[in-house]
Amino acid sequence: MLFSSIEFIYMFLPAVMIIYYLILRKRRYFQNIFLLIASLLFYAWGEPKFVLVMIASIMINWAIGLAVDKNRKDKKKSRMLIALDIVLNLSLLFVFKYLSFSITIFNGVLDTSLPVPNIALPIGISFFTFQAISYILDVYKGNSEVQKNIFFVGLYISFFPQLIAGPIVRYSTIAEEILTRKETLDDFLDGFARFVVGLSKKVLLANNFAVLADLSFDAVKNGESISVMFGWLGAISYTLQIFFDFSGYSDMAIGLGRMFGFHFMDNFNYPYISSSITEFWRRWHISLGTWFRDYVYIPLGGSRCSRGRNILNLFLVWIMTGLWHGANYTFIFWGLLYFLLLVFEKLTGLHKKSGFPWSVLGNVYTLFFVVIGWVIFRSDNISDAARYLLAMFGAEGNSFIDGMFIGWAEQNIIILIIGVILSTPLFRYLSDKTKESSIIRITKAGALFGLFVLSISALVSNTHNPFIYFNF
Amino acid sequence: MKKKRINYNIILFLACCIFWIYGIKKYPYRIGMSNDEEDKTFQESVSSFLINNLQYYNQLINLNSRKNMLLGTREILKDDTTYVISDTGSIIIERQESYPEDFKNSISELMELKKVAEDANAKFLFCLAPQKECYETAPANIKNYAKSNCELYISELIKADIPVLNLSEELDKHRSEFELFYSTDHHWTARSGFYANNAIIKEMNKLYGFEYEEAAMDINNYNIELLNKHFLGSYGKIIGLKSTFKEADDFEYITPKFDTMLSEKQVFKDLERSGAFDETVIYKGNLTKDYYSINTYATYSGGDFRLQIMENKLNPDGKTILLIRDSFACTVAPFMSLQAKELHICDVRDGEYYVGNKLNMKEYIQEINPDYVLVLYNGDTTQLDTRYDFFNDLS
C-alpha cells in the first residue's frame, strides 16, 4: 500500500486512527500491538507473501537481541551473536536483492552459465534489514535497553510510516517512545500538516516531473536520439522528481509518526542548496548517511587514521551506499562518483570554503555532479547511462534543440519553476518570519487544505503515480 | 501566564475530516462498474471501488483538469494512453506510426467479406472515416501519424482491390463550415455524420447506380437544434471537463422536417419501436445534459448493439443495406435509414457490454440477402483488431 493512494487516505489511515485514538485510548500495550498488526497488514497489502519474511526477520532479531543482552559481559560471545545477526540480515538482503546480480557477474567473469534466478524483491527490505541491524548494535553498545517484548521489536522494525521508504529510524531514537510516548494535540496536528505537505510534494510535483524524466530516459533506452536540451531537461526533471518523491515520502512518514507520538529525524534538508558534495550528503537522505557513518565508517576508523586508510574507508562506504540502492552497476558507479568527489574535496579542502563567490560556484559544481549522478542512477544500465550523458553534451552527433524539448519545456515551465523554488528553503524562511501572524498561519492551513484536495483530485484522476523504491 | 498559541492546523485537520466524510457518504455504493473488473487484483478492485464511489468524483476530475490547464499541461498520461490538447484546444490522443504489415490482417478479412458479399450478389463498399487527429495539430513533442496512417491504409486497400471511399475527402469540403469533430470526444459531429452519409450514398450511386432521395440529403430540410455546452465526450470524461478552455461541446440535434415513418429493432434485446424519426432511430434520453453519466453522442442510433434493424416504412421498394460498423456509424445510420428499405446494422467488436453473440457475417448475409454490404470504420486499426472479426475466427 502506498501513502499516496486512495485506499490509504480514505480507508487505512482513518481506520487506524479511529481504533487507536477512540477504541484503544489510554491502553498503550494494546495500542502498540494494534499498530504492529496494522503495519503488517499495510505491508501484506502489497506483499502478501513477503510479510512472512518480515515476521521471520522480527523473530530472529528479537531472539538475538535477547541473547546479546544476556551475554553482554562475555565480549567474545556477544560479538559472535552480533556477527551472526549481521550475517543473517545481510544474507536475507543478499538472497533477495543481490543473488541474481552476483551470479550474473560470476558468469561474466568466469565464463560460466549458472542459471540466474528470477527472485522478486520484497519492498522495503533494505530499510527494515538496516533497522534490524541498528536495533542489535544499539542494544550491544548500550544505547538502548533490550526490548523483551517481541511485539514491540516487531513494531519498531515494521512500523508502517517508515517501513517501505524510510527514514531509517535508529532504535535508540524511539526505544523509549514505544512505551512512554505522549501523544499531544500539537504533535498530531503538526504531523498531519507534514503528511499533507509530503503528499503534495509526491503527487503534485514528483509525479509530474516523472512523466518528463521517464520520456527522456525511455527514449535513450529505446535507442532513440535525443537533443542536448531535451537530455538536460529530462535529467533536471529526474533530479527534481527524486527529491520531491523521496523527501515527500519522508515528510509523510515523519508526519504519520508524529501523529502517533513518535519523533523521527528529518531526512532531507534542502540538499540542492549545497555548495559541496560533502554538504550535499549531510542534507540528502540523512538517515542513510548517518547510518553508514555510525555503523560502518566510524567503526572502520573514519577519518582518524592515515590518509590511505581514510580513503579506503570512504571507498568501502560509498561502494556499499551505491549497492544499498540497488543491484546494478549503475548504482556502484554512482556510489564511486561520490567517492571520487568526496576524496577530491577532502584533498583540496573545497568543502571548507565559504562566502561569495565560493558558495555560488560550489553550488553550481555540486548541482552539476548531482545531476550527472542522477543520470547514472536512473539509467537501466551503464550503456544507457553513457549514451544519455553523451547526448547531454552533444557527443552523439545529436541536435542541440528539437521539437521534443520545445514542446515539453513550454508545457512544463511553470511546474519546473515551482519545483526549483520549492527545493530551496525560501518558504521555510518566509514561514519562520511570519510565524507570529495568526492570519498567515490560518492562510497556511487553508492553503494546505487546498493542496490536499488537489492531491486527491490527482490520485482520483489516476494520473501517473510511479513507485520508485522498488529497488530498495 | 504565557498564552498558549493556537495551532491553526486544526483548521486543516477538521476541513480534511469533513472532506473525507462528505466523500464517503455516497450510498448506495456501485460495485463492479468497469468492463475489466475481472482482470483486477483484489487490491485494485478495492481502490477502484473507493474511487468510483466518492461523492465528488466528477468534481475532482474537473478540478484536476483545471489544474492541468492552468499549469499549461497539454499531455495527460492516463491508463497507458497519452491525451493531448491540440493547438485548437481539442482533445486528441497520440497516434503512433503504422506500417503496411499492420493492415495485413484487416485487409485479408475485408477481401474475404467482399467475396462473401459478391457471392450473395451484394455490392460491396468499405468506407473509411478519418480520425480526429488527421485534422488537429499536436504540440511539437507529440507524434501524430494519423493522416499518414490513413493515407497508407487507403493505398493498401486499393492495392487489395477493395472498393474504398475515403470520407476525409467529403469532410475536407466542409472544414470551414462547421466543427468536424467534437473537441472532447473522438467521434465526428452529427453534421459530419450527415454529410458522410451523403458521400456514401452518392458513391453507391456512382459505383452501383443506387437510387436515393435527394431531399433527404439536403441539410435545409432538417431542423437543427443547437444545445450549447451540452456534451462531454469520451476523452473529456477521462481527463476532465476543465481540460480545455472550450470545456464541453455544443451538440446539434438534427431531425427531418419532412414526414418519416420508421421502425427500429434491437434484435437481441427484443425491443422494437415504431414511429417518426425522433421516436425510433433517435434516443432522446441521451439528450439529457449530464456530463459524466450520459453519452449524448448516442442520441443518434442509441449506441453500439450487436444487431439493430432500421426499417423505413415509407420506402417499401428501397434496398436492403447491411452496415457493418463501429461507433462512427451512430450519426450516419439514422440518415442512411431514410435512403433504404431496411438497414441492418451489425457490430462485431469484442466487448462485454454487448447483449447477444457476435454474428457470423457470412451466415447473416446468406440469411438476409442484402443488396449492399457496407463497412464503415474509422482509420484506427491494429493487427488484432476485432472489428475485422467478420466470421468469428479471430481471437
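Chain A is the first sequence line, chain B the second, and so forth, proteins listed ahead of strands; every chain is numbered from 1.
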I'd like to know if the side chain of Lys67(B) and the backbone of Leu454(A) have a donor-acceptor N/O pair within less than 3.5 Å. no
Just jot down the side chain to side chain donor-acceptor pair (under 3.5 Å) partners of Glu75(B), sequence neighbours excluded, or say none. Gln411(A), Asn141(B)
Does atom OH of Tyr292(B) have more than 12 heavy-atom neighbours, drawn from other residues, nucleotides or ligands, at distances under 6.0 Å? yes
Engaged part of Val453(A) at the chain B interface, taking heavy atoms whose separation is under 4.5 Å: both
Highest number of heavy-atom pairs under 4.5 Å with chain A: which of Leu71(B), Thr82(B), Leu60(B)? Leu60(B)
Heavy-atom distances under 4.5 Å only: say whether Leu70(B) touches chain A with side chain, backbone, both or neither. backbone
First locate atom CZ of Phe13(B), then atom CZ of Phe188(A), and finally report the distance between them rounded to the nearest 0.5 Å. 3.5 Å
What distance do Ile6(A) atom CD1 and Tyr57(B) atom OH have between them, rounded to the nearest 0.5 Å? 10.5 Å
Residues in salt bridge (Lys or Arg N to Asp or Glu O under 4.0 Å) with Arg378(A), at least two apart? Asp214(A)
Rounded to the nearest 0.5 Å, what's the gap from CZ on Phe49(B) to CE on Met11(A)? Could you check? 10.5 Å
Looking at side-chain heavy atoms only, is the closest gap between Ile10(B) and Phe192(A) below 4.5 Å? no
Do Val196(A) and Leu12(B) have side chains that approach each other closer than 4.5 Å (heavy atoms only, starting at C-beta)? yes
Phe405(A) versus chain B, the contacting section by heavy-atom distance below 4.5 Å: neither
Could you grab the distance from atom CG of Leu13(A) to atom CH2 of Trp20(B), nearest 0.5 Å is fine? 10.0 Å
Side chain, backbone, both or neither: which part of Asp190(A) has a heavy atom under 4.5 Å from chain B? both
Kindly indicate, with the supporting measurements, whether the criterion side chain to side chain contact (heavy atoms under 4.5 Å, CB included) is fulfilled by Thr443(A) and Tyr8(B). CA-CA 9 Å; Thr443(A) 307; Tyr8(B) 288 109; over 6 Å; no
With a 4.5 angstrom heavy-atom cut-off, which part of Ile9(A) approaches chain B: side chain, backbone, both or neither? backbone
Looking at Leu63(B), Ile61(B), Asn62(B), which one forms a side-chain contact (heavy atoms from CB on, under 4.5 Å) with Ser457(A)? Leu63(B)
Quick check: do Arg441(A) and Asn9(B) have side-chain heavy atoms less than 4.5 Å from each other? no
Closer than 3.5 angstrom, by distance alone: can the side chain of Gln43(B) be matched with the main-chain N or O of Trp45(A) as a donor-acceptor pair? yes
As an exercise, state the distance from OG1 of Thr73(B) to CD1 of Ile414(A), rounded to the nearest 0.5 Å. 8.0 Å
Take atom NZ in Lys435(A); do more than 12 heavy atoms of anything else shown fall under 6.0 Å from it? no
Mind checking the CD1-OG spacing from Ile6(B) to Ser438(A)? Nearest 0.5 Å is all I need. 6.5 Å
Please check if atom CD in Gln59(B) has more than 12 non-hydrogen atoms from other residues, nucleotides or ligands closer than 6.0 Å. yes
Scanning both residues in full, the closest heavy-atom pair of Gly407(A) with Ala140(B) reads N-CB, 4.4 Å
Among Pro139(B), Ala15(B), Cys17(B), residue most engaged with chain A (heavy-atom pairs, under 4.5 Å): Ala15(B)
Side chain, backbone, both or neither: which part of Tyr10(A) has a heavy atom under 4.5 Å from chain B? both
With sequence neighbours left out, what residues match Thr189(B) under side chain to side chain donor-acceptor pair (under 3.5 Å)? Ser192(B)
Side chain to side chain contact (heavy atoms under 4.5 Å, CB included) between Val460(A) and Asn64(B), intermediate numbers included: CA-CA 9 Å; Val460(A) 161; Asn64(B) 189 61; over 6 Å; no
Those residues of residues 220-231 of chain A, ordered by number, that approach chain B below 4.5 Å (heavy atom to heavy atom): Glu224(A)
